[in-house]
Amino acid sequence: MGIRQTLNENPVITAGATGAIIVIALIFIIVQAFGRHGGTRGRISGKAFFSDDDGKTWFADDAAKIPPIDHDGKPAYRVAVFRCADGTEFVARLERFSDEVKQQMEDQIKKNPNAAPVLQYTASMGALEVKRPGQPNWMKLVGSPPEEIRKIMQPVCPKDNSSNGVTQIRPE
């Protein structure tokens with residue numbers, strides 16, 4: 001019996017595997033977005049990359065800011081920046097929350113400024129939207145087709161469409 005047939009005959013296994021993939025993706029994004037640096041009293045320390053031109057250029061800003069942020073009057077989205085084996089740097093994906101979810105997260109922080117923003121961010125991960133630069137449509141991380149999300153989450157060098165030798169760059 002093949003894998004496809006097994007999955008088709010066992011929807012519970014399929015749902016469990018899909019859920020596991022989503023959880024792994026969420027953990028990956030959290031670690032990537034906030035790194036392994038933690039400030040005191042749950043505050044996020046450090047920087048994250050953002051872009052206000054669909055990933056053509058990027059800049060570092062406070063990692064505790066909830067995307068999108070305002071940058072010189074334009075919306076800027078958190079971005080995942082990578083380096084290819086040949087040294088080429090590129091944005092693999094952009095990340096944002098809807099205005100409604102962002103407002104809810106900001107309201108939670110105002111109510112309890114000592115609460116860990118990373119936990120609030122995690123609680124809203126199901127509402128995180130992602131896209132590759134140049135794509136017109138944002139996709140919810142949870143609830144979108146897993147294969148489409150996997151394509152967005154997997155960094156691929158623009159020159160050769162390969163993920164060999166790709167490393168993530170973090171702001172200093």
Side-chain angles (χ1 to χ4, degrees), residues 22 25-39 42-110 113 115-145 148-163 166-172:
I22 290 170
L26 291 175
I27 291 168
F28 176 78
I29 288 174
I30 291 167
V31 170
Q32 179 179 313
F34 296 109
R36 292 186 171 89
H37 310 330
R43 297 297 302 165
I44 296 170
S45 64
K47 301 284 185 181
F49 285 123
F50 293 84
S51 176
D52 64 7
D53 60 4
D54 201 38
K56 293 177 187 77
T57 62
W58 54 88
F59 59 92
D61 205 329
D62 184 357
K65 291 184 177 179
I66 302 166
I69 64 172
D70 179 68
H71 184 251
D72 297 330
K74 297 189 287 187
Y77 306 99
R78 186 182 310 274
V79 294
V81 181
F82 291 84
R83 181 179 293 123
C84 301
D86 69 0
T88 303
E89 295 178 352
F90 68 100
V91 168
R93 72 176 168 277
L94 293 87
E95 303 171 357
R96 73 173 187 189
F97 289 100
S98 69
D99 291 339
E100 180 182 338
V101 171
K102 178 180 175 171
Q103 186 62 54
Q104 290 171 357
M105 293 169 71
E106 289 172 344
D107 290 346
Q108 289 174 1
I109 292 168
K110 285 178 188 172
V118 72
L119 296 177
Q120 294 163 349
Y121 191 91
T122 304
S124 299
M125 288 305 290
L128 185 70
E129 298 175 344
V130 295
K131 77 175 196 97
R132 284 214 183 256
Q135 287 183 332
N137 299 323
W138 291 84
M139 299 187 75
K140 282 198 174 187
L141 188 63
V142 175
S144 296
E148 294 300 316
I149 295 300
R150 187 193 64 74
K151 287 178 188 175
I152 294 171
M153 300 304 291
Q154 178 66 41
V156 177
C157 287
K159 289 184 179 179
D160 63 3
N161 287 328
S162 168
S163 21
V166 175
T167 56
Q168 186 170 6
I169 301 170
R170 298 195 189 277
E172 295 181 11

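Shown here are the side-chain hydrogen bond (donor to acceptor under 3.5 Å, both in side chains) partners of Q103, two or more places apart in sequence or in another chain: D107. Legend: residues meeting salt bridge (Lys or Arg N to Asp or Glu O under 4.0 Å) with D53, ordered by chain and number and at least two apart, are absent. Listed by chain and residue number, Q154 satisfy the side-chain hydrogen bond (donor to acceptor under 3.5 Å, both in side chains) test with S163 (two or more places apart in sequence, or in another chain). Remark: K151 engages E148 in a salt bridge (Lys or Arg N to Asp or Glu O under 4.0 Å) (not counting sequence neighbours). Shown here are the side-chain hydrogen bond (donor to acceptor under 3.5 Å, both in side chains) partners of K102, two or more places apart in sequence or in another chain: there are none. Not counting sequence neighbours, D99 has no partner by the salt bridge (Lys or Arg N to Asp or Glu O under 4.0 Å) test. Residues passing the side chain to side chain contact (heavy atoms under 4.5 Å, CB included) test with D61, sequence neighbours excluded: F50, F59, K65, I69. Residues satisfying the side-chain hydrogen bond (donor to acceptor under 3.5 Å, both in side chains) test with E172, not counting sequence neighbours, are none. Under the side chain to side chain contact (heavy atoms under 4.5 Å, CB included) criterion, N161 pairs with V156, sequence neighbours left out.
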Derivation and outcome, side chain to side chain contact (heavy atoms under 4.5 Å, CB included), residues D86 and D160: CA-CA 11 Å; D86 69 0; D160 63 3; over 6 Å; no
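Heavy-atom neighbours of E89 CD from other residues, nucleotides or ligands within 6.0 Å: above the threshold of 12.
Taken from CZ in F82 to OG1 in T167, the straight-line distance is 8.5 Å, to the nearest 0.5 Å. A distance of 9.5 Å separates CZ in R93 from CD1 in I152, rounded to the nearest 0.5 Å.
Closest non-hydrogen pair, M153 versus P155, comes out as O-CD, 3.2 Å. The two atoms that bring C157 and V166 nearest to each other are SG-CG2, 3.5 Å, heavy atoms only. Scanning both residues, R78 and A63, for their nearest heavy atoms gives NH2-O, 3.2 Å.
The side-chain heavy atoms of V91 and F49, taken from C-beta on, include no pair separated by under 4.5 Å. At least one side-chain heavy atom of P158 sits less than 4.5 Å from a side-chain heavy atom of C84.
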Show which side-chain atoms of residues 133-142 pair as donor or acceptor with protein atoms under 3.5 Å away, not counting sequence neighbours.
residue: Q135; atom: OE1; partner: R132; partner atom: N; Å: 2.9

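In this structure, R96 contributes its side chain and K131 its backbone to no donor-acceptor pair below 3.5 Å. Checked by atom type and distance alone, the side chain of S51 never pairs as donor or acceptor with a backbone atom of Y77 at under 3.5 Å.
Tested against W58, the residues D52, V81, L94 include a single side-chain contact (heavy atoms from CB on, under 4.5 Å) partner, V81.
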